[in-house]
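Presented below is the structure to which this report refers.
Below, read A as the first sequence line, B as the second, and so on, with proteins coming before strands; counting in each chain starts at 1. Source: prediction; values computed, not measured.
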Amino acid sequence: MSVNDSFTPATRLAIYRTARLINLIDERFRSLLRSGRLAAVYYSPRGQEILAAAMGVHLKSSDYLVTTYRGIHDQLAKGIPLRQLFAEYYAKATGACKGKGGPMHITHPASGVMVTTGIVGSGLPIANGLAWASQLKKDGRVTLVTFGDGASNIGAFHESLNMASLWKLPVIFLCQNNLYGESSKYEKTTAVDNISERAASYNMVGVTVDGNDPEAMWKASGAAVARARAGEGPTLIEAKTFRFMGHYFGDPGAYIPKEEYDAHMARDPMPLCRAALLSSGAATEADLAAYDEEVNAQIEDALQFAADSPFPDVEEIDRDVYGVVKGAAA
Amino acid sequence: MSVNDSFTPATRLAIYRTARLINLIDERFRSLLRSGRLAAVYYSPRGQEILAAAMGVHLKSSDYLVTTYRGIHDQLAKGIPLRQLFAEYYAKATGACKGKGGPMHITHPASGVMVTTGIVGSGLPIANGLAWASQLKKDGRVTLVTFGDGASNIGAFHESLNMASLWKLPVIFLCQNNLYGESSKYEKTTAVDNISERAASYNMVGVTVDGNDPEAMWKASGAAVARARAGEGPTLIEAKTFRFMGHYFGDPGAYIPKEEYDAHMARDPMPLCRAALLSSGAATEADLAAYDEEVNAQIEDALQFAADSPFPDVEEIDRDVYGVVKGAAA
Amino acid sequence: MSTPAAAAKPEVITFTEAFSRALHDAMEMDPSVITLGEDIADEEGGGIFKVTKGLSTKFGGARVRTTPISEQAIVGAAIGASLAGMRPVAEIMLMNFITVPMDQIVNHAAKLRFMSGGQTHVPITIRTRTGAGAGTGGQHSDMLEAWFAHVAGMKVVVPSTPADAYGLLLGCIFDDDPCLFIEDQLTRTQTGPVPVKGQRIALGKAHVAREGKDVSVIGYGRPIRDAMVLAEKLAGEGISIEVVDLRTVSPLDTDTIMKSVAKTGRAVVVHEAPRSFGCGAEIVARIQEQLFGQLKAPVLRVASRDVTVPFAKVLEQEYLYKASAIEASIRKTLEQRASR
Amino acid sequence: MSTPAAAAKPEVITFTEAFSRALHDAMEMDPSVITLGEDIADEEGGGIFKVTKGLSTKFGGARVRTTPISEQAIVGAAIGASLAGMRPVAEIMLMNFITVPMDQIVNHAAKLRFMSGGQTHVPITIRTRTGAGAGTGGQHSDMLEAWFAHVAGMKVVVPSTPADAYGLLLGCIFDDDPCLFIEDQLTRTQTGPVPVKGQRIALGKAHVAREGKDVSVIGYGRPIRDAMVLAEKLAGEGISIEVVDLRTVSPLDTDTIMKSVAKTGRAVVVHEAPRSFGCGAEIVARIQEQLFGQLKAPVLRVASRDVTVPFAKVLEQEYLYKASAIEASIRKTLEQRASR
Ligand SMILES: Cc1ncc(C[n+]2csc(CCOP(=O)(O)OP(=O)(O)O)c2C)c(N)n1
Ligand SMILES: Cc1ncc(C[n+]2csc(CCOP(=O)(O)OP(=O)(O)O)c2C)c(N)n1
Ligand SMILES: [Mg+2]
Ligand SMILES: [Mg+2]
């Protein structure tokens with residue numbers, strides 16, 4: 001895609017479809033958690049569907065993704081298969097990580113999901129390495145690493161952006177600024193008005209964009225991907241968004257002022273995208289209803305697959321510790 | 001001092017005197033090292049005397065200093081007594097640290113030298129803590145932390161400046177940009193034209209100044225100290241300078257292009273300051289010669305003190321491990 | 001000591017309440033006590049585990065600071081403030097995140113007293129939380145105390161009851177050396193008798209939690225709770241277990257350990273951390289060095305498996321040390337007669 | 001093996017040459033081998049210790065990269081590149097600086113294979129250098145191998161001769177797990193026989209450096225060189241020492257250790273790191289667990305003192321483990337008869 005490509009209704013539809021997939025799966029997971037039919041620490045992406053989808057349409061499955069505990073939207077936008085994803089949430093042997101990693105460590109190289117980390121900021125240095133390998137192999141791959149606003153205050157962020165710029169690495173730093181880190185407000189922990197301004201510390205291109213606006217996010221993402229593929233180096237994208245479901249599932253979110261929450265809710269990107277799509281004529285109510293049915297069927301299938309799958313054998317505990325021989329255990 | 005105070009010949013003289021003290025001690029140490037009469041890893045401050053002196057005249061002994069392995073100029077500008085300093089270099093029981101810390105860990109609270117670290121960038125987080133304590137006690141102290149250009153690429157730098165700005169701490173981050181980190185050129189490791197530009201990432205005041213120009217350095221330092229004392233928060237000062245003696249004593253410095261080296265040498269700040277001082281009439285050749293004699297006498301005294309002092313008792317090894325009881329040894 | 005029975009008694013508190021009370025009482029007693037960490041102020045809900053709830057409201061935002069996600073800056077700020085005479089308590093939310101500020105802790109907090117020849121010291125307390133069993137997987141469950149026990153200058157403390165948690169946390173805060181205080185996330189709602197307000201427990205002293213004559217069970221933290229239950233059960237069979245709760249893992253109270261094992265001649269060492277190169281090895285090594293010939297059986301270790309903490313419950317339980325293994329080891333040391 | 005005699009032989013190389021040759025040969029053999037670290041390229045002089053000299057000129061700046069002073073980014077870049085099929089060798093200039101990238105090493109490099117269920121793995125080698133005796137003080141001398149030995153998924157390697165250094169470094173580079181390779185800064189100019197080009201030494205296997213029947217001396221790295229000298233000397237007195245060089249500290253080759261001690265019945269464990277909670281404790285613990293009753297004397301440990309490495313030579317020497325202490329311990333285990 002070239003930066004001048006125009007944003008078509010078809011593109012909006014593509015973005016909506018991915019975002020809606022994320023949206024429906026998130027809704028389902030939260031209802032399963034509420035009813036106790038799923039037991040896992042869960043970090044909802046509710047509110048951040050559009051930005052992940054708008055970036056996702058620019059990426060190939062061969063491109064690399066490094067994400068975080070709040071990463072299910074990134075993983076789905078990257079095309080991870082539902083069955084392995086769900087089975088991992090259910091700690092089943094058929095899960096992407098055989099139930100050994102769990103939701104916080106989803107990995108699926110076939111779809112380019114290389115690392116999901118539970119440590120704030122730690123994905124950035126690793127993303128540089130994936131991009132360095134692509135630069136050496138000239139394989140044209142782009143590495144996308146996503147993280148939050150809070151992560152922009154940790155040392156690894158600084159070291160990584162400096163190195164990526166010096167080495168002109170094909171990497172995209174996507175900061176999903178949802179205005180909170182756990183229960184801490186952005187202003188209380190981050191001494192800069194826009195995180196994208198920090199790119200200047202590394203002679204790097206930095207842009208702030210409304211992550212909830214499909215067109216704006218699609219343009220910014222496309223430009224960054226094009227820059228990386230052309231060997232012109234990294235980009236820092238700050239996608240402004242909001243976290244509708246608190247930090248983790250069950251977080252009462254009492255620290256968020258009601259007016260602030262309501263103001264964001266009034267601009268929930270999902271219904272907005274849906275409305276724009278309908279008015280653009282790219283899809284009808286019927287089309288979207290049909291799509292929901294299609295997705296719900298996939299969800300049912302994946303849930304059934306997870307339910308029918310066995311838990312890992314106890315023997316699994318000794319596997320994957322070392323490559324060849326089992327390690328340090330006496 | 002207020003920012004508008006003008007730079008007088010008397011001030012230049014005060015700066016020269018401190019810088020010359022540093023200069024003469026450094027010359028002496030290097031001759032002692034050459035002749036093998038001193039055995040220690042030594043990081044010469046040659047070329048960075050003026051910036052340390054120009055900052056030093058603004059500080060009280062009650063202010064705090066956190067410096068690095070290349071810190072003898074900062075320590076002398078802060079007023080550390082020669083006897084304890086030299087004795088520590090000579091690993092004597094009368095040294096500031098009883099010979100247990102050595103040149104890389106010079107500590108002397110009475111003159112405000114709180115920490116000297118051998119770990120790049122690690123002084124910055126600690127400086128914030130000293131400044132936090134001053135803020136809580138309202139004791140009006142300022143904390144100065146010095147570090148190199150290379151240190152501006154490590155994570156601790158980023159975390160520290162962000163926190164200092166958020167908390168409006170009375171701390172001054174003095175980056176002594178001597179254009180090299182060990183044998184690596186600035187451009188190869190640092191993706192920004194001026195390190196002071198990084199202050200913008202933290203809504204912090206950042207200035208780049210010619211550290212070898214007494215007036216410019218004095219003005220920038222004075223403004224930063226005034227800002228800190230007034231409770232207006234931290235400042236990042238990037239003092240451009242050069243490292244004439246390589247990274248450590250004995251470093252052949254083959255990685256520095258001759259033209260580059262010569263160009264800097266031609267602007268050696270010490271003779272320039274001396275000349276300006278004489279032409280300003282603030283001092284005569286005779287005055288400066290007398291001062292050198294005075295300093296050389298102090299150096300002789302301190303060297304004699306160090307020479308006459310005993311090495312620490314072997315028992316010292318078990319002291320200062322824990323406050324009350326000796327620790328983990330079986 | 002806390003036993004299941006205790007949980008029934010009226011006058012009890014949870015571990016979380018004990019941690020919280022210690023912080024409140026310390027800040028009340030001494031204005032130089034200050035605290036910092038992620039989300040710890042009341043504006044942020046008083047901490048993700050609510051241990052710091054109420055502190056910022058009571059003592060103000062200047063002494064109780066919510067920080068950015070910057071563990072190096074958090075520990076560094078604590079160190080610096082301590083050099084200026086404060087007694088900072090820094091919270092590192094979970095122990096796996098302590099891998100981030102290792103330089104500040106090991107190269108600075110632990111060494112500054114020695115390297116300065118005693119001119120400065122670092123009276124900080126680092127509170128952190130961890131422990132497997134909650135299904136949080138490989139990066140949120142590690143017990144890494146062995147690293148810090150291996151660093152001279154550090155003190156490492158792990159409580160096994162709410163009352164000890166209170167007394168030991170006070171002990172850390174008012175100790176003049178850098179202390180690492182480890183809170184177990186799995187037992188945080190368990191209860192025990194209420195501690196005496198303001199009463200500190202001295203660091204560096206192990207506690208004989210239960211006297212016995214047949215086998216010494218030596219450990220710290222969560223497994224001590226299992227050992228106390230087991231001791232009660234085995235007493236029914238006439239097996240007399242002595243439970244030695246180290247409380248302070250390092251510096252290690254060798255005397256109390258030797259006194260106990262010299263008496264029993266049999267020992268089982270237990271901890272939650274993985275077995276290999278864990279703290280248990282040091283305890284075993286010292287016992288055989290000092291009591292060789294007096295031992296009636298080899299000193300056995302019970303610990304978790306040498307693998308990454310798995311997510312799946314079935315695997316996580318397999319990873320964890322087991323109370324049943326403590327019992328089996330006790331019986332094994334009793335069967336065994338010195339084979340010479 | 002290297003003995004003082006060897007140093008005299010014509011065909012010898014230094015440790016530094018051995019490290020360097022291994023890197024050159026590995027990069028020549030396999031284009032996926034890449035390396036990064038501070039000042040390592042020839043433009044910067046080929047590394048502060050010259051180990052990487054010539055690499056960037058020979059293999060180009062794309063594969064041999066001088067980095068900023070950013071240890072987290074250095075190790076992270078190595079991890080990421082390894083996930084994409086490369087075999088990165090990262091240099092952490094001195095071991096005390098490895099406290100900075102601990103999160104990348106412990107939470108990521110060591111765990112990704114397990115947490116991904118084997119879908120990814122991290123074949124990186126982290127070369128670092130350390131060791132006391134050079135007068136560099138508290139922040140430039142620490143032996144921290146015990147930390148990494150306690151982390152499942154990591155391999156820890158410490159060579160005791162130039163030939164081993166070459167073979168083991170190749171072994172690390174071509175191993176499919178994250179390896180920590182520790183170079184001793186004090187002996188780097190010492191020499192030993194030349195290794196066979198391209199010949200790797202398998203990880204996880206200890207090496208009986210000298211056979212003997214009276215006492216097993218077990219260790220790794222620098223102290224093994226002392227042990228070999230001592231063994232030669234004591235042989236003159238008719239004392240037969242078996243020297244077991246672990247080579248790989250973790251995973252620990254328990255079989256070779258037990259085979260040796262089962263034969264001798266006496267063991268002295270030695271390492272440079274401070275004694276308490278060091279790797280020696282694990283070795284002692286396993287020996288007494290497995291050979292209880294067959295031991296003729298307690299297993300003794302020789303190690304450095306539990307303090308910060310001091311600057312003053314007199315104190316630094318007092319800090320360091322001593323060859324004389326190894327000899328004294330050997331004699332002590334020989335005097336002692338099981339006191340029952
Ligand atoms: C190094 C580290 N410190 C602290 C934590 C605990 N923690 C987990 S998520 C989180 C907040 C992160 O906020 P942000 O980066 O904005 O991402 P978001 O959760 O909002 O998507 C914190 C502090 C952690 N996982 N790692
Ligand atoms: C964390 C860490 N990494 C690497 C080193 C090794 N080292 C010591 S000084 C130095 C260069 C520092 O350069 P700079 O910050 O510019 O300071 P300068 O020496 O030029 O004054 C390096 C890499 C260290 N001491 N600490
Ligand atoms: Mg956020
Ligand atoms: Mg420099």
Where the side chain of A/Lys92 meets the backbone of A/Pro310, is there a donor-acceptor pair that is under 3.5 Å apart? no
Tell me, for D/Thr248 versus chain A, whether the close heavy atoms (under 4.5 Å) come from the side chain, the backbone, both or neither. neither
Students often mix this up, so state it plainly: with edges at 30° and 60°, are the rings of A/Phe157 and A/Phe147 parallel, tilted or perpendicular? perpendicular
Output yes when a side-chain donor or acceptor of A/Asp74 lies under 3.5 Å from a complementary backbone atom of A/Thr67, and no otherwise. no
May I ask you to name which of A/Glu316, A/Arg141, A/Met104, A/Lys98 has the most heavy-atom pairs under 4.5 Å with chain D? A/Lys98
Under 4.5 Å from a heavy atom of chain A, the part of D/Val151 involved: backbone
Of all of A/Asp139, A/Ile119, A/Leu124, which one pairs up most often with chain D through heavy atoms under 4.5 Å apart? A/Ile119
Part of D/His108 within contact of chain A (heavy atom distance under 4.5 Å): side chain
Does A/Asp320 use its side chain to pair, donor to acceptor, with the backbone of D/Phe114 at less than 3.5 Å? no
Portion of D/Gln119 that has a non-hydrogen atom of chain A nearer than 4.5 angstrom: both
Do the side chain of D/Arg87 and the main chain of D/Asp175 share a donor and acceptor less than 3.5 angstrom apart? yes
Counting only non-hydrogen atoms closer than 4.5 Å, does D/Thr120 touch chain A with its backbone (N, CA, C, O), its side chain (CB onward), both, or neither? side chain
